[in-house]
Amino acid sequence: MTDRPLDDKILLQASLRTSPDGVYTLRVDLALPSGVTVLVGPSGSGKSTTLDLLAGHRLPDEGLITLGDRELLRRSAGQPPQTMIPPEQRRIGYVMQQPMLFPHLSVKQNLAYGLTALPRQARDERVAELASELQLSPLLARRPGELSGGQRQRVALGRALAPRPQALLLDEPLSAVDLSQRRELLERLGSLLAALDIPVLYVTHSREEQQFWNTATLELRPAGHAPTLVEVARLTR
Amino acid sequence: MFRSPLALSFVVATLATLLSLLGGVCAASLNFYVGHFGQRRGLRTRLAELADALLSLPLVLPPTVLGYYLLTLLGRHSPLGRAFERLTGQPLTFTPTAAVLAAMVSALPAIARSTRAALREVDPLYFRAAASLGATPWRAVLTVGLPLSRRQIAAAAMLAFARALGDFGVTLMVAGNIPGYTQTAALAVYDAVQAGRETDALSLIVPLSGIALAVLYVVGRLQDPGNEPR
């Protein structure tokens with residue numbers, strides 16, 4: 001990873017507050033330039049919740065999310081959202097802890113799921129391109145049930161990248177992968193994500209992965225000693 | 001049209017099952033859509049709950065009561081009945097068509113309920129994955145939810161077929177018991193037993209029981225998670 005200039009255009013910005021059960025409050029305040037940013041924090045600190053908020057699967061109590069010049073969410077406390085772009089229109093790729101490949105579809109169909117807007121030929125070309133980048137070409141006809149953990153996660157990554165998202169969220173993408181395959185997959189991810197010019201938020205609790213990325217790290221940590229647990233994430237570069 | 005009550009039953013049950021499959025899967029998908037994505041879209045989930053209760057009514061009401069409702073809805077003096085008669089030149093009630101509708105009364109809600117239950121069992125993370133790939137909620141239901149529910153839907157359709165094959169009460173009320181025209185196997189058994197024609201009755205009872213047993217066997221296999229190719 002090379003150091004990026006500090007004047008990188010900031011692409012994904014979020015300033016959110018959510019209190020799902022009224023006791024626990026999560027505050028997220030981040031500004032992600034293109035490139036990989038690692039998000040770490042103890043389990044239960046709200047890492048996955050942060051990703052769900054960014055992806056649009058959860059609605060915060062208040063806040064603002066912008067991606068490039070698009071406003072994805074705007075909500076004032078106690079009001080219905082003024083802007084709420086649904087997840088399918090956000091153009092944010094999301095690779096979850098479990099790959100969640102569609103089990104009734106082949107690898108090829110999984111990769112092409114997000115490409116329905118393209119004409120057939122362009123779709124096939126994009127799938128072939130991703131398959132060769134991720135070394136999935138011999139597996140295109142298989143079902144997810146016939147793949148190893150590492151292969152599945154590669155398909156999940158390719159599927160998320162296929163529609164050319166404007167940001168990518170990775171939630172512990174190696175957690176469902178055998179230890180023996182992790183290093184190899186991590187290196188493949190490294191070269192693949194380095195080539196992308198979009199903000200990537202990489203959630204992990206592994207020191208090894210954190211060190212591998214050697215990049216800006218956000219940390220979710222308890223703030224203060226108030227009875228309600230407040231978590232703050234802030235980008236410090 | 002159909003000399004043999006068994007043949008008539010078969011055709012009636014098949015048509016009723018196919019139509020119920022179409023209607024039941026549509027109703028269940030709509031209901032699931034409102035329940036799962038409704039809050040986000042500001043749709044009224046109460047309405048879906050009411051529709052759900054209405055759809056389940058046929059599973060608890062006596063067949064005679066259902067038959068009465070159907071007669072009121074489809075009879076020669078009802079708007080629907082008159083429209084049908086104007087279009088086809090014959091009344092709707094006391095025809096094989098009415099027998100199909102009668103068999104659908106229990107088949108459709110059964111399929112709708114099973115389909116909805118199956119959709120609710122699908123891991124919601126699949127719907128999230130589909131949404132993050134740009135799929136609208138409807139596309140996610142059609143391309144992910146329903147295919148993942150196909151075994152349960154197939155099992156429900158087979159059970160519905162078996163039930164449609166054996167419908168007695170509603171069929172008697174709206175289609176009558178006209179031998180060679182609307183007399184299905186279940187009705188013919190009743191007639192045969194009443195008239196003491198034991199052999200005739202058994203010639204229907206044995207195949208009806210055999211079909212039911214075969215259906216239950218296949219349904220059991222479909223529902224066995226060990227056979228799930230997921």
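Note: hydrogens, waters and symmetry copies are ignored here, and every other heavy atom, side chains too, is used. To find a chain, count down the sequence lines: A is the first, B the second, and so on, and within it residues start at 1.
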Which heavy atom in [X] sits nearest to a heavy atom in [Y], and how many Å separate them?
{"X": "A/Ala160", "Y": "B/Leu133", "answer": "CA-CD2, 4.0 Å"}
{"X": "B/Tyr126", "Y": "A/Phe102", "answer": "O-CE2, 3.6 Å"}
{"X": "B/Arg128", "Y": "A/Asp52", "answer": "NH1-OD2, 2.9 Å"}
{"X": "A/His104", "Y": "B/Thr143", "answer": "NE2-O, 2.8 Å"}
{"X": "B/Ser132", "Y": "A/Tyr94", "answer": "OG-CB, 3.6 Å"}

### Task
Residue by residue, scan residues 111-133 of chain A and write down, ordered by number, those that have a heavy-atom distance under 4.5 Å to chain B; if none do, write 'none'.
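Residues of residues 111-133 of chain A touching chain B at under 4.5 Å: A/Tyr113, A/Gly114, A/Thr116.
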### Message
So for A/Leu101, is it side chain, backbone, both, or neither that comes closer than 4.5 Å to the heavy atoms of chain B?
### Response
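Interface part for A/Leu101: backbone (N, CA, C, O).
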### Query
For A/Arg91, does the CZ atom have more than 12 heavy-atom neighbours from other residues, nucleotides or ligands under 6.0 Å away?
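More than 12 heavy atoms, drawn from other residues, nucleotides or ligands, come within 6.0 Å of this atom.
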### Query
Within a radius of less than 6.0 Å around OH of B/Tyr69, do more than 12 heavy atoms belonging to other residues, nucleotides or ligands occur?
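Atom OH in B/Tyr69 is not packed in, count stays at 12 or less.
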### Message
So, using side-chain contact (heavy atoms from CB on, under 4.5 Å) as the criterion, who are the partners of B/Ala175 when residues are at least two apart?
### Response
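B/Ala98, B/Ala99, B/Thr171, B/Thr182.
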### Message
Tell me which of these, A/Gln98, A/Arg143, A/Arg159, has more heavy-atom pairs under 4.5 Å with chain B than the rest.
### Response
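If we count pairs closer than 4.5 Å to chain B, A/Arg159 comes out on top.
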### Query
To the nearest 0.5 Å, what is the distance between CE (A/Met100) and CG (B/Leu125)?
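Atom-to-atom, A/Met100:CE and B/Leu125:CG are 4.5 Å apart.
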